[in-house]
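What you see is a predicted model, and the numbers here were worked out from it, not measured in a lab. Reminder, nothing fancy here: chain letters follow the sequence lines and each chain counts from 1.
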Amino acid sequence: MEKTNKVFPGKLVIGFLLSIVMTVLAAWIALGTDFSKSVIMWMIGALAIFQAGVQLIMFMHINEGKSGMINTINIVYSVFIAAVIVAGSIWILTTGHAAH
Amino acid sequence: MSVDQILVTGDPLILASQIAILLTIIGAVVGITYFKKWRYLWEEWLTTVDHKKIGIMYILAGVAMFFRGGVDGLMMKAQTSRPNMEFLDAQHYDEVFTTHGIVMILFMAMPMLIGIMNVVLPLQIGARDVAFPKLNALSFWTFFVAAMLFNISFVIGGSPDAGWTSYFPLAGKEFTPGVGNNYYAIALQIAGIGTLATGINFIVTILKMRAPGMTLMKMPMFTWTSLVTSILIVAAFPILTVALAFMTMDRLFGAHFFTVAAGGDPMLWLNLFWLWGHPEVYIVVLPAFGMFSEVIATFSRKNLYGYKTMVASIVGIAFLSMLVWVHHFYTMGNSAAVNSVFSITTMMIAIPTGVKIFNWLFTMRKGRIKFTTSMLWSLAFIPCFTIGGVTGVMLAMAAADYQYHNTMFLVAHFHYVLIPGVVFAVFAGLYYWWPKMFGFTLNEKIGKWHFWLFVIGFNLTFMPMFFVGLDGMSRRMYTYSEGLGWEGWLGFSAAGSLIMAAGFAALCYNIYWSFRFASRDVGSDPWDARTLEWATASPVQHYNFAVVPKVDSLDPFWKMKKKGTFKLKKQDIKEIHMPSNSAIPILMGIAFGIVGFFLVFEWFTLAAIWSLGIIACLVANSFDYDDGYHVSAEEVEETERKWRGDL
Ligand code: HEM
Ligand SMILES: [Cu+2]
């Protein structure tokens, strides 16, 4: 623990800068460009996911330490389940005969 | 509301049940008071946090629920045994199949399996208890209270009657105005919370509390299946929680999640229900696979064939089981792409399952098989379950399913999966682990009666249902006219269900007989078994292991016996730290039950007041600084000396 305090926290700084860049980029895309609404949503959505990833790795250290492996599996699995539930439900309920 | 609006009146069957329930309660209270057992009951059982006792209570409740669900099943079989039968009317039949389905899956299969997991799992990994013993007790009490709440519905207020799937719009307030379906929404919610807690508890227990040296790939197969089951619980049960919360808001507060009008979507309910419902069937069947693996390895006197492929296939099944839910509603009108994808994922599940079947067969190959009762259940499981699986692949083909959907063929299929996959497994597990729980084995001779009656009865009951289904009999059909050619099949089937009931009676008699007469001198390892739960006394001391065993391979106890290293040295015995009993779980469970009851009747003020009880329990728990007690080394030594010769 003591050692990490003295070393320059490069990882944290990079994470911090990346987060700021992505946030500003998102704000600029939303406010300063005239892409169509859906393109904007897709772009800032993608930036949000990248940023979540950066924060998990740089700040939350999910892939480090004794339980790094378990944490990573956990996150990947949760994302997988959420994607299946949300994307699956939308796909099923919007493409059926009943939806038309 | 007046009393006669609350109590269900006017049906002689229900009146008889009301009287029977009243007499049973009075009998129990008088009996316990007369024998002065209240204190014993409170201190040893109701407030216990011991995983073995909690497991036994789960099993006991599960057996009672099996009886209830079984009687429902028999009533339905009686009603359809002859054309134009007038035993149950349409409404009553609806209520009976609804409660039968829910009771069997949520209040029989789940507690039976979680009960056996509770008893066996910590022992198999060499732990002293589960990770969160008090939470474990809370899980039990929420389950138990929910089961009781659900079970009083038929005498107080009326049973749910929209099927165990409770599809909207039928299950909505508009078409089912009574309180029956509120029972469904609320009782399942309470039970679901407890199950979710169990899932988390077991995951942590398995990941963090294994004996030194037991790596993941050295865990017994039952532990593996329990781990994967728990992960599935944590993945799937929140979906049920959300779906039921939506249902509750629709029914109690006039929301429109699933209604036809005002922008609701009834199909969203189907979608969410099966997103939980399909993983749920694997949640009940995976632990069963684990039990068969243990039983088959022990009685073939060989190690489990293909351990690694077995693990891989369990994980594969769990993964795929989240991806197949649409096969329950191919006929809803999905796009061709949706139905095709889900047909394929569904058929893919047959692959890992097939792998497991072959692994069991190869485990037995060239083994010196001992035909004990629990081995017989495992043997009967294989062909019966295969029939269930093969008919499942038939149903998986979306185009063909338009013919099979909601027919008796389907009902026969899932009983061929659930009864061998859950009930046979639970029976195998009970015969196998009974001595661990109680210190004596169940009688093998009565066990064989139980086995043959039940297996023959089961096949006679459900085999004909495939054929009437193919012949056009739809599911949930309470009556039919003469001359359809079904009479013979259904008469047969009804007779079969009586044979099955006789099998269950044999089990009850066996339990009674063995408690009274069975030899208590069976030692701690009556089956010459392989895993750690047999490396301690039977019945197990409250602290499980005097010294936590060290593990360096699969089947550690077998190795210890072969190498003669199963020894206890006096100087290794240390003081043991154990958790204290607590009244909070049971009190909190009761508070949940009371709040639930008031919510069912939509008496919101009372519900709000009583929910303070739940909060009070949470607060009390936060200020509970009791962190357990210590068993002295002398006491451990004395207990150990009683059962092992080498101290
Ligand atoms: C003990 C012997 C059993 C008998 C005699 C029996 C009989 C029946 C019958 C006659 C039906 C209704 C068929 C219909 O008219 O649609 C049914 C439905 C059902 N059974 Fe069983 N069953 C038994 C055991 C089980 C077990 C062990 C389970 C689960 C673990 C189970 C789960 C279900 C479910 C989920 C339904 C569907 C309920 C609904 O339609 O909503 N049954 N059973
Ligand atoms: Cu399914």
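- Using a 4.5 Å cut-off between non-hydrogen atoms, the part of residues 309-319 of chain B that approaches chain A consists of F319(B).
- In terms of modelled atom types and a separation under 3.5 Å, the side chain of Y330(B) and the main chain of M397(B) share no donor-acceptor contact.
- A donor-acceptor pair is defined here as one N or O able to donate and one able to accept, closer than 3.5 Å; no such pair exists between the side chain of T259(B) and the backbone of A255(B).
- Heavy-atom proximity under 4.5 angstrom to chain B picks out F80(A), I81(A), V84(A), I85(A), G88(A) from residues 78-88 of chain A.
- With S166(B) contributing its side chain and G163(B) its backbone, the two residues share a donor-acceptor pair below 3.5 Å.
- No donor-acceptor pair closer than 3.5 Å links the side chain of T229(B) to the backbone N or O of L286(B).
- Heavy-atom distances place no part of A336(B) under 4.5 Å from chain A, backbone and side chain included.
- In this structure, chain A has a heavy atom under 4.5 Å from the side chain of N271(B), while its backbone stays farther away.
- Using a 4.5 Å cut-off between non-hydrogen atoms, no part of residues 43-50 of chain A approaches chain B.
- Checking side-chain atoms of W269(B) against main-chain N and O of P169(B) turns up no donor-acceptor pair under 3.5 Å.
- Each side-chain hydrogen bond (donor to acceptor under 3.5 Å, both in side chains) pair with one or both residues in residues 194-211 of chain B, not counting sequence neighbours, appears once here: S139(B)-T198(B).
- For a residue to count as touching a neighbouring chain, one of its non-hydrogen atoms must lie under 4.5 Å from one of that chain's; by this rule V338(B) touches chain A with backbone and side chain alike.
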Please test V324(B) against M348(B) for side-chain contact (heavy atoms from CB on, under 4.5 Å), starting from the C-alpha separation and ending with a verdict. CA-CA 10 Å; V324(B) 299; M348(B) 271 160 61; over 6 Å; no

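- The closest donor-acceptor contact from the side chain of S474(B) to the backbone of N406(B) lies at 3.5 Å or more, if one exists at all.
- Without hydrogens or angle criteria, Y184(B) side chain to W164(B) main chain gives a donor-acceptor distance under 3.5 Å.
- The backbone N or O of M117(B) lies less than 3.5 Å from no partner atom in the side chain of S226(B), so there is not a single donor-acceptor pair.
- Taking the centre of each ring, F289(B) and W224(B) stay at or above the 6.0 Å mark.
- Contacts between V341(B) and chain A at a heavy-atom distance below 4.5 Å involve the side chain alone, from C-beta outward.
- Checked by atom type and distance alone, the side chain of D265(B) never pairs as donor or acceptor with a backbone atom of F258(B) at under 3.5 Å.
- Taking NE2 from H256(B) and CZ from F246(B), the interatomic distance works out to 14.5 Å, rounded to the nearest 0.5 Å.
- A donor-acceptor pair under 3.5 Å links the side-chain atoms of D250(B) to the main chain of F257(B), judged by distance alone.
- Remark: aromatic rings of W325(B) and F342(B) are close, center separation under 6.0 Å.
- For L270(B), no part lies under 4.5 angstrom from a heavy atom of chain A.
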